[in-house]
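A short write-up of the structure that comes next.
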Amino acid sequence: MNKLLGFIIGLAVTITAQADQPGFHGMLLFGGDTTYASHLPMFHQPHDYQVVMEIKFSGPSKIVEIYNNEKKTSKGIFTLDPEKMDLTKVISGEIKSFTADLYIGHFEQGGTNLGKVTVNVEKIILGQKLNPSAPETFKYLVFGNKDGFFAVHLIGGKPNYDAVVEVSAPYHFEFQLCQTKLCEEGNTISKPLPTLPIELASPGSAGKEIPKEGQTLGTSNSYYSLIYKVIYAEAGELSH
């Protein structure tokens with residue numbers, strides 16, 4: 001049984017774990033000028049890791065060019081089917097690049113294979129081993145930069161779901177005081193972005209449900225982020 005010796009969610013995540021048996025680890029692609037990959041997890045080994053990374057492509061320029069053009073207009077998803085590897089070595093930084101087939105659509109659900117590319121890992125944003133007995137956190141991890149902001153649902157115990165959404169830049173919301181009572185309308189004020197990534201709570205019942213466009217993620221210190229688009233949401237693979 002592999003043991004997670006530690007993880008830190010911050011500007012980057014470091015995991016030290018015993019080596020896993022190499023496997024094939026499908027990944028979701030998303031982002032704008034900055035590209036991200038999110039491992040498509042399950043609760044059984046060796047797929048029981050939630051991993052989000054910032055990446056860059058190298059390799060055949062035509063394949064990367066097609067991907068960059070398609071993602072500007074496509075309403076579908078893009079995925080990677082990487083070579084067989086130990087995912088814990090990617091998380092730890094021992095593996096910094098790997099080859100993968102790049103797909104328009106889901107690589108296991110009739111997607112179009114554009115060909116092989118080299119994936120260079122620039123930064124590990126999130127890396128944690130799944131615990132099927134863990135409590136649900138009802139939280140999202142928000143990250144990104146001026147090129148775009150995104151959030152992933154932090155997966156707790158099973159049953160659960162995997163979700164990646166595009167969000168607004170985290171903003172601060174305050175109520176103005178009108179003498180002895182709150183004004184009828186709140187006031188959004190401009191403040192520096194919090195240090196990213198930041199954990200924001202799911203809205204109401206959305207912690208137990210697939211997210212929807214227009215919902216707001218929030219936190220007790222008055223930072224909020226609006227869900228613009230649900231890029232990916234999957235419950236079946238994490239239901240058992």
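If you read the sequence from its start, that first residue is 1, and numbering goes on from there.
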Any side-chain heavy atom of [X] within less than 4.5 Å of one from [Y]?
| X | Y | value |
| --- | --- | --- |
| Leu196 | Pro170 | yes |
| Ile95 | Val121 | no |
| Leu126 | Pro197 | no |
| Met53 | Glu122 | no |
| Asp81 | Thr79 | no |
| Phe57 | Thr35 | yes |
| Phe43 | Asp48 | no |
| Asn160 | His153 | yes |

Verify the cluster assignment for [X] and [Y]: are they in a single hydrophobic cluster under the rule of side-chain heavy atoms below 4.5 Å apart?
| X | Y | value |
| --- | --- | --- |
| Val51 | Leu130 | no |
| Val152 | Leu238 | no |
| Val64 | Ile104 | yes |
| Leu141 | Leu40 | yes |
| Ile77 | Val52 | yes |

Ring geometry between His39 and His47 (parallel below 30°, tilted from 30 to 60°, perpendicular above 60°):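 His47 and His39: parallel rings.
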Atom [atom1] in [X], atom [atom2] in [Y]: separation rounded to 0.5 Å?
| X | Y | atom1 | atom2 | answer |
| --- | --- | --- | --- | --- |
| Tyr223 | Ile198 | OH | CD1 | 7.0 Å |
| Glu199 | Leu154 | CD | CG | 5.5 Å |
| Asn145 | Glu54 | CG | CD | 7.0 Å |
| Ile155 | Lys139 | CD1 | NZ | 15.5 Å |
| Leu80 | Leu102 | CG | CG | 5.5 Å |
| Ile210 | Glu234 | CD1 | CD | 8.0 Å |

What pair of heavy atoms forms the shortest contact from [X] to [Y], and how long is it?
| X | Y | answer |
| --- | --- | --- |
| Tyr67 | Leu114 | N-CD1, 4.3 Å |
| Phe149 | Ala169 | CE1-CB, 3.5 Å |
| Gln21 | Pro46 | O-CB, 3.6 Å |
| Lys116 | Ile63 | O-CD1, 3.5 Å |
| Asn120 | Ser58 | ND2-OG, 3.2 Å |
| Ile231 | Glu166 | CD1-N, 3.9 Å |

Chi angles and distances behind the side chain to side chain contact (heavy atoms under 4.5 Å, CB included) call for Met85, Val90: CA-CA 9 Å; Met85 60 185 179; Val90 177; 3.9 Å; yes
Derivation of the side chain to side chain contact (heavy atoms under 4.5 Å, CB included) call for Ser202 and Tyr140: CA-CA 7 Å; Ser202 305; Tyr140 280 71; 3.3 Å; yes
Could you tell me whether the side chain of [X] and the main chain of [Y] form a donor-acceptor pair under 3.5 Å?
| X | Y | result |
| --- | --- | --- |
| Tyr161 | Glu209 | yes |
| Thr118 | Thr99 | no |
| Asn69 | Ile66 | no |
| Ser92 | Lys89 | yes |
| Gln215 | Leu217 | no |

Residue pair Leu29, Tyr103: steps toward the side chain to side chain contact (heavy atoms under 4.5 Å, CB included) verdict: CA-CA 9 Å; Leu29 281 176; Tyr103 281 77; over 6 Å; no
Audit row: Lys129, Ile91, side chain to side chain contact (heavy atoms under 4.5 Å, CB included) steps and yes/no: CA-CA 10 Å; Lys129 188 174 178 65; Ile91 298 169; over 6 Å; no
Proximity of Phe150 and Phe30 rings by center, below 6.0 Å: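 Yes, close enough.
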